[in-house]
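Here the structure is laid out as structure tokens; the discussion comes afterwards.
The analysis underlying the following values was restricted to heavy atoms, covering all of them including side chains, and did not include hydrogens, waters or symmetry mates.
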Amino acid sequence: MRKSIIYLATGLLLTSCADLDQKSISSIDKDNFYQSKEDIETAINGVYQEFTVDGFYGMFNNQSIYINDLQTDYVKAGAQTNSAHIRELSNFAVQPTNVFVSYAWEEHYTAINRANVVIDKVTDASWLDEQSKQNYINEARFLRGFMYFNLVRYFGGVPIVLHDGEGEGAARNSVDEVYEQIVADLTAAENLPADYTTLDSKASSLAASALLSKVYLVWAQTSSEQGKANQNAYYQKAIDYANKVINSGKYKLLDKFIDNWSVDKKHGAEHIFSIEHDRTINGNVSGHCTFATNWSNSEPVLLATSDKYYEQTDPRDQRRDGSWAKRLYDPNTGEDFVFTIPRFRKYIDSLNYANPASAGNSAGQSTNTTIIRYAEVLLIKAEAENELNGPTTAAYDAINQVRRRAYWSPYENVQNTPSDGSALDLAGLTKEEFRERLREERRLEFVLEGQRWFDLIRWHILIKYVKANTPTDAETLGTKTTKIQNVSKKNYLLPLPQDQLILNPNLEQNWGYSGESGDGPYGPEFE
């Protein structure tokens with residue numbers, strides 16, 4: 001039986017990761033290891049390494065997509081799926097024994113524990129100069145805060161463990177306590193020097209600011225005591241932190257939307273924080289099951305529920321063909337292949353799919369996972385501004401920047417407008433109308449980026465949206481789903497893993513996963 005993951009073994013199992021200078025070693029002794037800056041950097045890279053371990057089930061290999069997009073209306077488990085765990089997520093029937101849920105808990109706490117060891121050991125490193133000490137600690141705190149931000153959105157209140165060896169038997173902290181810790185860690189990370197890194201796959205001051213803008217937006221929309229009491233203050237903080245990123249002048253929207261996922265354009269001007277992937281290293285890939293059946297209509301493991309999402313997207317909006325592949329050049333025939341149901345375009349490595357060394361599986365082989373990019377910071381500002389003050393000039397400016405890029409033709413250098421004759425720039429909307437347009441922009445912008453389930457649950461519209469928008473059995477054009485029949489209020493959180501409940505009797509299962517009926521802790525605002 002595995003030991004509880006919130007009380008972890010402290011040896012770090014490291015492998016190298018693209019663009020991170022890592023030492024490949026089998027194990028290290030935490031008590032004798034921290035003797036040089038190189039040792040510390042190796043240990044910190046061990047935290048990053050946890051983001052892409054465990055192959056198929058890795059945190060940002062497939063896990064974030066399977067949990068955060070499969071549990072929505074627009075993605076389903078295709079006919080080639082032979083995993084009950086994937087079908088559980090697809091059909092809102094996830095169980096406490098689901099392997100994706102178990103790995104999510106384990107891998108996040110493994111990363112947290114590694115960060116804790118770094119923080120403790122560097123704090124005690126009297127030989128280290130003070131500036132370097134603070135930089136290493138703040139980098140580790142960025143990573144720890146990021147992990148807790150995922151955990152609180154997945155599971156609700158979770159145990160807060162800040163030092164190695166303190167997690168055994170820990171009870172769950174409240175949602176607000178977890179958010180307080182996230183804010184404390186990311187605020188510390190804002191003190192990283194501006195020149196600390198040139199990579200968007202490493203912690204940085206502006207990446208911390210960007211995540212803080214998102215943290216405060218989400219916290220303002222929780223039903224927690226502090227979230228409700230401080231909602232307006234948190235919206236203002238979301239705006240303030242977004243403005244730090246915007247006013248820095250460091251980032252901009254790429255003219256060509258799809259360049260955000262091109263393997264030869266990593267670390268681009270829109271990328272704020274990303275996870276590195278390289279298919280040649282330890283199965284370190286993302287989204288590869290979205291194109292596993294290649295140029296055929298045989299359904300891959302992960303598939304759109306129907307073609308309606310592609311068909312409903314304006315052909316002048318470059319996000320349509322940047323997010324969906326309805327037609328794709330087949331190097332085997334020299335002609336375009338037209339799919340009955342479009343494939344997810346962002347994870348198709350078009351630079352390498354004709355390369356014999358790619359073995360025919362081009363999806364996600366070296367495509368980075370984007371955690372937060374400049375487009376999202378603009379939409380965070382627009383959303384928070386509207387929720388706090390209504391559709392102000394600042395709100396319109398932020399959302400319209402995203403819309404202008406969407407309708408920009410990078411091939412013709414022409415600013416297009418919507419095909420239906422409506423205005424490109426939004427104007428004259430009520431607060432409620434702006435809110436709905438903002439939500440639609442996020443849907444169009446973040447297809448298969450691990451955002452949709454998080455969005456639907458923070459807006460408290462998961463059930464309403466899934467029931468209203470999931471394609472009918474006829475519209476699915478193949479594999480049917482039971483999304484509409486199964487979705488319920490318990491799906492606003494994941495279940496705690498069953499093995500962790502056994503190992504730690506002080507953990508309590510989330511409501512609805514032990515046979516409870518009714519509404520439980522979810523009021524009428526949870527539609």
Side-chain angles (χ1 to χ4, degrees), residues 68 138 141-153 175-176 178-192 194 200 202-222 224 226-227 230-253 260 269-274 370-402 405 434-435 438-439 441-442 445-446 449-452 454-455 457-459:
N68 299 330
N138 290 336
R141 293 193 69 176
F142 173 94
L143 299 172
R144 184 173 68 183
F146 173 40
M147 292 294 94
Y148 275 121
F149 186 40
N150 279 349
L151 285 172
V152 75
R153 291 181 292 166
V175 166
D176 285 327
V178 179
Y179 272 106
E180 287 173 349
Q181 184 60 49
I182 295 166
V183 167
D185 280 340
L186 294 179
T187 300
E190 279 198 300
N191 293 314
L192 286 168
D200 61 271
K202 291 274 284 183
S204 70
S205 176
L206 287 173
S209 299
L211 283 181
L212 279 166
S213 72
K214 188 169 185 174
V215 166
Y216 274 112
L217 177 69
V218 176
W219 197 1
Q221 295 169 338
T222 68
S224 70
Q226 290 187 43
N230 302 308
Q231 185 176 66
N232 287 346
Y234 291 169
Y235 281 137
Q236 185 59 58
K237 284 182 177 291
I239 295 167
D240 293 342
Y241 282 111
N243 280 335
K244 278 190 178 183
V245 178
I246 294 167
N247 295 337
S248 74
K250 181 176 180 179
Y251 305 102
K252 67 176 183 177
L253 299 175
N260 281 299
E270 191 168 337
H271 303 141
I272 299 175
F273 185 64
S274 304
T370 302
I371 301 303
I372 193 163
R373 52 189 175 87
Y374 188 61
E376 184 170 16
V377 172
L378 291 171
L379 292 177
I380 287 170
K381 178 179 177 178
E383 183 175 356
E385 185 72 37
N386 182 62
E387 293 301 329
L388 183 62
N389 302 311
T392 61
T393 299
Y396 281 123
D397 177 67
I399 195 172
N400 285 332
Q401 286 186 57
V402 177
R405 191 271 295 277
F434 188 98
R435 180 186 294 134
L438 181 286
R439 291 176 177 180
E441 290 303 319
R442 285 191 64 92
E445 188 74 23
F446 300 120
E449 292 187 48
Q451 299 267 23
R452 192 60 182 165
F454 281 153
D455 279 349
I457 61 177
R458 70 184 175 88
W459 293 329

pair [X]-[Y]: side-chain heavy atoms closer than 4.5 Å:
{"X": "I246", "Y": "Y374", "value": "yes"}
{"X": "N68", "Y": "Q451", "value": "no"}
{"X": "Y235", "Y": "L217", "value": "yes"}

Interatomic spacing from [atom1] in [X] to [atom2] in [Y] - rounded to 0.5 Å:
{"X": "E190", "Y": "L206", "atom1": "CD", "atom2": "CG", "answer": "8.5 Å"}
{"X": "F142", "Y": "L186", "atom1": "CZ", "atom2": "CG", "answer": "6.5 Å"}
{"X": "I239", "Y": "I380", "atom1": "CD1", "atom2": "CD1", "answer": "11.5 Å"}
{"X": "D176", "Y": "Q226", "atom1": "CG", "atom2": "CD", "answer": "4.0 Å"}

Report the residues that fulfil ring pair (Phe, Tyr, Trp, His ring centres under 6.0 Å) with [X], sequence neighbours left out, ordered by chain and then residue number.
{"X": "F434", "result": "Y396"}
{"X": "Y179", "result": "W219"}
{"X": "F146", "result": "F51, F60, F273"}

### Query
Is it true that the NZ or CZ of R153 lies under 6.0 Å from the centre of F149's six-membered ring and within 45 degrees of the ring axis?
yes
Would you name the heavy atoms of [X] and [Y] that are closest together and state the gap between them?
{"X": "G390", "Y": "A395", "answer": "O-CB, 4.4 Å"}
{"X": "V215", "Y": "V183", "answer": "CG1-CG2, 4.1 Å"}
{"X": "I371", "Y": "K214", "answer": "O-NZ, 4.5 Å"}
{"X": "A207", "Y": "I272", "answer": "CA-CG2, 3.6 Å"}
{"X": "R439", "Y": "R452", "answer": "O-NH1, 4.0 Å"}
{"X": "F446", "Y": "L379", "answer": "CE1-CD1, 3.9 Å"}

### Query
Who passes salt bridge (Lys or Arg N to Asp or Glu O under 4.0 Å) against R442, sequence neighbours left out?
E376, D455
### Task
Only counting residues at least two apart or in another chain, list the ones meeting salt bridge (Lys or Arg N to Asp or Glu O under 4.0 Å) with E449.
K346, R373
### Task
Can you run down the salt bridge (charged side-chain N to carboxylate O under 4.0 Å, His left out) pairs that involve residues 382-393, sequence neighbours left out, and say none if there aren't any?
E383-R458, E387-R435
